[in-house]
Colleague: 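Next up is a structure, given as structure tokens.
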There are 2 protein chains.
Amino acid sequence: MVESNPAPLDAVFHALGDATRRRMLRDLAGGERSVGQLAEPFAMSLAAASKHVKALENAGLIRREVRGRTHLCRLEPGPLASAHEWLGFYEHFWTSRLDELERLLREADSKTPPPRGDDR
Amino acid sequence: MVESNPAPLDAVFHALGDATRRRMLRDLAGGERSVGQLAEPFAMSLAAASKHVKALENAGLIRREVRGRTHLCRLEPGPLASAHEWLGFYEHFWTSRLDELERLLREADSKTPPPRGDDR
DNA sequence: GGAATAGTCAACCAAATTGTTGAATATGGG
DNA sequence: CCCATATTCAACAATTTGGTTGACTATTCC
């Protein structure tokens, strides 16, 4: 399934590329929050925070339920799982020392043009 | 260590928020590649691709070694691991059905103001 | 030396992002 | 009804992004 749906990942990673929005997600990890509550930690207008909320919503990272005059937001884990899975593809690059060794060897090979017959 | 170094994550997630750069990383997962090789799959000028490479470099996702007239790039797994780890914080939101149930209950609670004594 | 190759740099442009403010909408509570 | 609260919307400005083209640098090859 290697990168079959690039559009969602674009939106998800873009949304995650902003500390304001990441902080909002952290807060939402503690349960439902209203837009006002999400905006509260930031020194910006509510309208600006509202745009960040919308960015998260567009990326599918949160869902919104309008209850009376307040909009309750909750975390939507699916896209986070997708992003996590995408990154997981590279996991062996930082986990296994054998893979690391293998990478270094491949690197060394490309540095010495003629690998000079496997042995003998 | 909850979000202690936001600047790098900004750059990393921003870099990942573009399908061109994600494709470059995929190619680099197969070993070293020159800037020209990384640019080859795309219908854009080499200069444009070069900018993408620089974005990856600025995010620490790749390292570059100038060999003669070609710039060899290789994957730098550290920042990918950081991003993966950041996302891992949310893992229980999509893995455990119990956590999912818990979330739904919390949600139900907030919907019915008086949760009406834990049992009895 | 001279030409082809690999890549960056600078200037420019269009579009998107991120913030602001002020007005508009909708709900809730005396 | 009136007013405060919660939030979005529209218009605007500054900045960033992602692309182009043309010139420049460095290296390799003959």
Side-chain angles (χ1 to χ4, degrees), chain A residues 6-25 27-28 31-74 110-114, chain B residues 6-25 27-28 31-59 61-74 110-113:
Chain A
L9 274 186
D10 270 20
V12 170
F13 280 126
H14 173 256
L16 295 179
D18 183 294
T20 299
R21 294 190 284 260
R22 289 199 302 277
R23 167 64 186 273
M24 287 179 167
L25 289 180
D27 289 347
L28 286 169
E32 284 187 339
R33 296 285 187 275
S34 72
V35 172
Q37 286 176 320
L38 290 174
E40 194 267 334
F42 305 105
M44 71 177 67
S45 68
L46 181 61
S50 173
K51 286 186 191 178
H52 284 293
V53 172
K54 189 181 292 185
L56 291 169
E57 199 179 12
N58 288 341
L61 287 164
I62 69 174
R63 266 170 46 199
R64 179 192 307 237
E65 181 198 350
V66 181
R67 181 114 47 95
R69 60 183 163 180
T70 76
H71 296 203
L72 269 305
C73 304
R74 65 162 154 300
S110 65
K111 245 182 264 250
T112 59
Chain B
L9 274 185
D10 270 19
V12 170
F13 279 126
H14 173 257
L16 296 180
D18 184 293
T20 299
R21 294 189 284 261
R22 289 199 302 278
R23 167 64 188 274
M24 286 178 168
L25 289 180
D27 289 347
L28 286 168
E32 284 187 339
R33 296 284 187 275
S34 71
V35 173
Q37 287 176 319
L38 290 174
E40 194 267 335
F42 305 105
M44 71 177 67
S45 68
L46 181 62
S50 174
K51 286 187 191 177
H52 284 294
V53 172
K54 190 180 291 185
L56 291 169
E57 199 178 12
N58 289 341
L61 287 164
I62 69 175
R63 264 170 49 200
R64 178 192 309 236
E65 181 198 349
V66 180
R67 182 114 49 93
R69 61 182 164 181
T70 76
H71 296 203
L72 269 306
C73 305
R74 65 165 155 299
S110 64
K111 247 183 263 252
T112 58

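In what follows, every chain begins at residue 1, and chains take the letters A, B, ... in the order their sequences are listed. None of the values given here were measured: they were computed from a predicted structure.
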Colleague: Return the 5'-most residue of the pair B:K54, A:L46 with respect to DNA chain C, ranking by each residue's nearest nucleotide.
Modeller: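 The residue closer to the strand's 5' end, by nearest nucleotide, is B:K54.
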Colleague: Would you mind reading off the distance between A:H14 atom NE2 and D:dT16 atom P, rounded to a whole angstrom?
Modeller: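 Atom NE2 in A:H14 sits about 14 Å away from atom P in D:dT16.
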Colleague: Separation of B:R33 atom CZ from C:dG7 atom P, in whole Å?
Modeller: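 After rounding, the gap between these two atoms is 13 Å.
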Colleague: 5'-most contact on DNA chain D: B:G68 or B:H52, nearest heavy atom basis?
Modeller: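 Its nucleotide being nearer the 5' end, the pick is B:H52.
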Colleague: Measure CE/A:M24 against C1'/C:dT18 and give the value in whole Å, please.
Modeller: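 My rounded result for the distance is 13 Å.
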Colleague: Just to verify, which of A:R33, A:E57, A:R64 counts as forming a side-chain hydrogen bond (donor to acceptor under 3.5 Å, both in side chains) with A:H71?
Modeller: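 So the option named by the test is A:R64.
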Colleague: Check every atom of D:dT7, D:dG19, C:dT18 against the side chain of A:T70 and return the nucleotide holding the closest atom.
Modeller: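 Of the candidates, D:dT7 comes closest.
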Colleague: Ignoring hydrogens, what is the shortest heavy-atom contact between A:A15 and A:A55? Give both atom names and the distance.
Modeller: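 Looking at all heavy atoms of both residues, the closest pair is CB-O, 4.4 Å.
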Colleague: C:dT8 base to B:K51 side chain: any donor-acceptor pair below 3.5 Å?
Modeller: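 Answer is no: no donor-acceptor pair is held.
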Colleague: What's the closest nucleotide to the side chain of A:R21 if the choices are C:dG7, C:dT18, D:dG18?
Modeller: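 My answer, after comparing the listed nucleotides, is C:dT18.
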Colleague: Under a 4.5 Å cut-off applied to non-hydrogen side-chain atoms, are A:T70 and A:Q37 in contact?
Modeller: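 With C-beta onward as the side chain, the pair stays apart.
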Colleague: Given D:dT8, is OP1 or OP2 found less than 4.0 Å from the side-chain N or O atoms of A:S50?
Modeller: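 Yes, because at least one side-chain N or O of A:S50 sits under 4.0 Å from OP1 or OP2 of D:dT8.
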Colleague: Rounded to the Å, how far apart are B:D18 CG and D:dG19 P?
Modeller: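 To the nearest whole Å, that distance equals 6 Å.
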Colleague: Could you walk me through whether A:M44 and A:K51 satisfy the side-chain contact (heavy atoms from CB on, under 4.5 Å) test, starting with their C-alpha distance in whole Å, then the side-chain angles of each, then the deciding distance to 0.1 Å, before giving a yes or no?
Modeller: CA-CA 11 Å; A:M44 71 177 67; A:K51 286 186 191 178; over 6 Å; no
Colleague: Provide the closest heavy-atom pair for B:S34 versus B:L72 in the form atom of the first, atom of the second, distance.
Modeller: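 Nearest heavy atoms, B:S34 then B:L72: N-CD1, 4.0 Å.
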Colleague: What's A:S45 touching, base or sugar-phosphate or nothing? Going by heavy atoms closer than 4.0 Å.
Modeller: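 If one applies the 4.0 Å heavy-atom cut-off, A:S45 turns out to touch a base.
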Colleague: Does B:R69 get its side chain close enough to the base of C:dT5, under 3.5 Å, for a donor-acceptor pair?
Modeller: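 Between C:dT5 and B:R69, which were checked side chain against base, a qualifying N/O pair under 3.5 Å is present.
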Colleague: Using atom CD of A:E57 as one end and atom P of D:dC9 as the other, report the distance to the nearest whole Å.
Modeller: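 After rounding, the gap between these two atoms is 10 Å.
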Colleague: Measuring from the side chain of B:A47 (C-beta onward, heavy atoms only), which nucleotide among D:dT21, D:dA6, C:dG19 has the closest atom?
Modeller: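 Selected nucleotide (nearest to the side chain): D:dT21.
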Colleague: A:E65 CD to C:dT27 C1': how many Å, rounded?
Modeller: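 Those two atoms, CD and C1', are 15 Å apart.
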Colleague: Whole-Å distance between D:dT20 P and B:M44 CE?
Modeller: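 Atom CE in B:M44 sits about 7 Å away from atom P in D:dT20.
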Colleague: Rounding to a whole Å, what distance do you find between B:Q37:CD and C:dA6:P?
Modeller: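 So the two atoms are 10 Å apart, to the nearest Å.
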Colleague: Any idea which of C:dG7, D:dA6, D:dT8 is nearest the B:R64 side chain?
Modeller: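 Side chain of B:R64 sits closest to C:dG7.
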